[in-house]
Amino acid sequence: MARVSQEHLDARRRQILDGARRCFARNGFHATSMQDVLREVGLSAGAVYRYFRGKDELIAAIALEVFEEVAGAFDAASRSDDPPTPDRVLGEVMRIVQGDEEEENVPPPLLVQVWAETLRNEMLAEALEKGYARVRRAWVRIVETYQRRGLMRDDVPADHVARTLIGAAQGYLLQRALFGTGDVTQLENGLRALTSMALSGDTPGRPGRGDDAPGTPPT
């Protein structure tokens with residue numbers, strides 16, 4: 001019996017994941033059955049279950065792929081001594097998530113379904129928590145670089161800034177899922193305007209702490 005190559009196994013797994021993405025994006029998570037996935041990919045149940053034991057594992061695998069792509073982009077920025085500004089970092093990552101105009105890499109409605117499933121699916125919740133933690137660590141490194149270079153006020157914990165920037169990305173994707181509108185350029189422009197604001201005592205358009213800003217909290 002001929003031995004199946006790893007390349008063949010990887011290609012088959014990719015085929016299954018791509019078909020599942022299409023099904024879930026088209027019909028929703030709960031309205032899609034494993035039979036729907038089998039028909040979409042044109043494989044037998046045995047062939048698919050060799051890789052994934054069920055729908056939950058498929059969703060978890062897709063979610064992990066998304067976080068890997070997103071975290072990879074953040075990791076690259078975090079390793080730089082001169083990382084791009086937040087609007088450019090988020091814009092780049094959102095374009096990776098969205099893909100091209102013909103077919104979104106990860107349709108926002110699919111992301112919202114995944115987020116909702118974390119409330120009941122412990123395996124999925126754990127997978128997404130790990131991905132989120134990785135993205136947050138990368139953002140913390142980026143923010144700390146901004147602060148060291150004097151580009152961002154340093155009296156706010158880097159983790160607080162990281163969580164807020166991640167929230168901006170999540171909110172952008174949620175708006176696209178709910179209303180079908182929104183453009184990455186709008187997100188970039190909004191962040192650019194917000195980060196240009198100055199507090200009392202700061203130079204307009206420049207980051208600063210202000211005369212009444214509290215001191216740097218202990219780490």
Side-chain angles (χ1 to χ4, degrees), residues 63-99 105-106 108 111-112 114-115 118-119 125-179 181-219:
L64 282 173
E65 282 192 336
V66 174
F67 272 103
E68 184 63 32
E69 293 173 354
V70 171
F74 284 133
D75 284 342
S78 71
R79 289 192 295 269
S80 173
D81 292 331
D82 186 21
T85 53
D87 57 294
R88 290 174 55 198
V89 175
L90 276 178
E92 176 185 348
V93 172
M94 289 302 97
R95 289 185 174 91
I96 291 174
V97 172
Q98 289 183 197
N105 185 22
V106 186
L111 279 174
V112 174
V114 170
W115 293 340
T118 64
L119 300 177
E126 181 179 355
L128 293 187
E129 184 177 353
K130 289 179 179 179
Y132 174 75
R134 180 180 170 188
V135 170
R136 202 174 84 233
R137 286 194 298 270
W139 258 124
V140 166
R141 291 194 296 270
I142 295 171
V143 171
E144 288 174 343
T145 300
Y146 294 152
Q147 292 174 333
R148 284 196 303 271
R149 299 185 64 223
L151 300 174
M152 181 177 288
R153 51 187 299 154
D154 61 4
D155 60 328
V156 177
D159 183 63
H160 294 189
V161 182
R163 290 173 182 269
T164 300
L165 289 168
I166 293 171
Q170 292 170 324
Y172 165 76
L173 292 169
L174 184 59
Q175 287 182 18
R176 284 184 59 86
L178 293 178
F179 310 118
T181 59
D183 181 84
V184 177
T185 303
Q186 296 171 347
L187 174 67
E188 291 172 318
N189 288 342
L191 285 170
R192 192 174 301 118
L194 288 171
T195 54
S196 70
M197 293 179 65
L199 296 179
S200 173
D202 293 338
T203 302
R206 299 287 298 278
R209 293 179 55 172
D211 294 336
D212 57 351
T216 303
T219 58

Undergrad: Decide salt bridge (charged side-chain N to carboxylate O under 4.0 Å, His left out) for Glu126 and Lys130; before the verdict, give the C-alpha distance in whole Å, the side-chain angles of both, and the deciding distance to 0.1 Å.
TA: CA-CA 6 Å; Glu126 181 179 355; Lys130 289 179 179 179; 3.5 Å; yes
Undergrad: Can you list every salt bridge (charged side-chain N to carboxylate O under 4.0 Å, His left out) pair that touches residues 161-173, not counting sequence neighbours?
TA: Asp159-Arg163
Undergrad: Which heavy atom of Leu165 sits nearest a heavy atom of Leu90, and at what distance?
TA: O-CD1, 3.7 Å
Undergrad: Answer yes or no: is there a side-chain heavy-atom contact under 4.5 Å between Arg148 and Thr145?
TA: yes
Undergrad: Identify the two heavy atoms, one from Leu187 and one from Ala168, that lie closest to each other, and give their separation to 0.1 Å.
TA: CD1-O, 4.2 Å
Undergrad: Tell me if a side-chain donor or acceptor on Gln147 pairs with a main-chain N or O of Val156 at a distance below 3.5 Å.
TA: yes
Undergrad: How long is the gap from CG on Leu151 to OG1 on Thr195, to the nearest 0.5 Å?
TA: 10.5 Å
Undergrad: Go through the structure and list residues passing side chain to side chain contact (heavy atoms under 4.5 Å, CB included) with Leu178, not counting sequence neighbours.
TA: Leu174
Undergrad: With Glu144, which residues qualify under salt bridge (Lys or Arg N to Asp or Glu O under 4.0 Å), at least two apart?
TA: none
Undergrad: Only counting residues at least two apart or in another chain, list the ones meeting side chain to side chain donor-acceptor pair (under 3.5 Å) with Asp183.
TA: Thr185
Undergrad: List in chain and number order the residues that pass salt bridge (Lys or Arg N to Asp or Glu O under 4.0 Å) with Glu129, two or more places apart in sequence or in another chain; answer none if no residue qualifies.
TA: none
Undergrad: What distance separates Leu191 CG from Glu188 CD, expressed to the nearest 0.5 Å?
TA: 8.5 Å
Undergrad: For a quick test of reading the model, state the closest non-hydrogen atom pair linking Ala138 to Ser78 and the distance between them.
TA: O-CB, 3.5 Å
Undergrad: Scan for side-chain hydrogen bond (donor to acceptor under 3.5 Å, both in side chains) pairs involving residues 164-173, sequence neighbours excluded, and state none if there are none.
TA: Gln98-Tyr172
Undergrad: Checking Arg79 now: which residues fulfil salt bridge (Lys or Arg N to Asp or Glu O under 4.0 Å) with it, not counting sequence neighbours?
TA: none
Undergrad: According to side chain to side chain donor-acceptor pair (under 3.5 Å), who are the partners of Glu65, at least two apart in sequence or on a separate chain?
TA: Arg14, Arg21
Undergrad: Who passes side chain to side chain donor-acceptor pair (under 3.5 Å) against Thr85, sequence neighbours left out?
TA: Asp87
Undergrad: Tell me which pairs pass ring pair (Phe, Tyr, Trp, His ring centres under 6.0 Å) where either residue lies in residues 134-161, with sequence neighbours left out.
TA: Phe74-Trp139
Undergrad: Determine the minimum heavy-atom distance between Ser196 and Ala193, stating which atoms define it.
TA: OG-O, 2.6 Å
Undergrad: What heavy-atom pair brings Pro84 and Val89 nearest, and what distance separates the two atoms?
TA: O-CG2, 3.5 Å
Undergrad: Just wondering, are more than 12 heavy atoms of other shown residues or ligands nearer than 6.0 Å to CZ in Arg192?
TA: yes
Undergrad: Can you tell if the side chain of Arg134 reaches within under 4.5 Å of the side chain of Asp75, non-hydrogen atoms only?
TA: yes
Undergrad: Does Thr118 have any side chain to side chain contact (heavy atoms under 4.5 Å, CB included) partners at least two apart in sequence or in another chain, and if so, which?
TA: Leu124, Ala125, Leu128
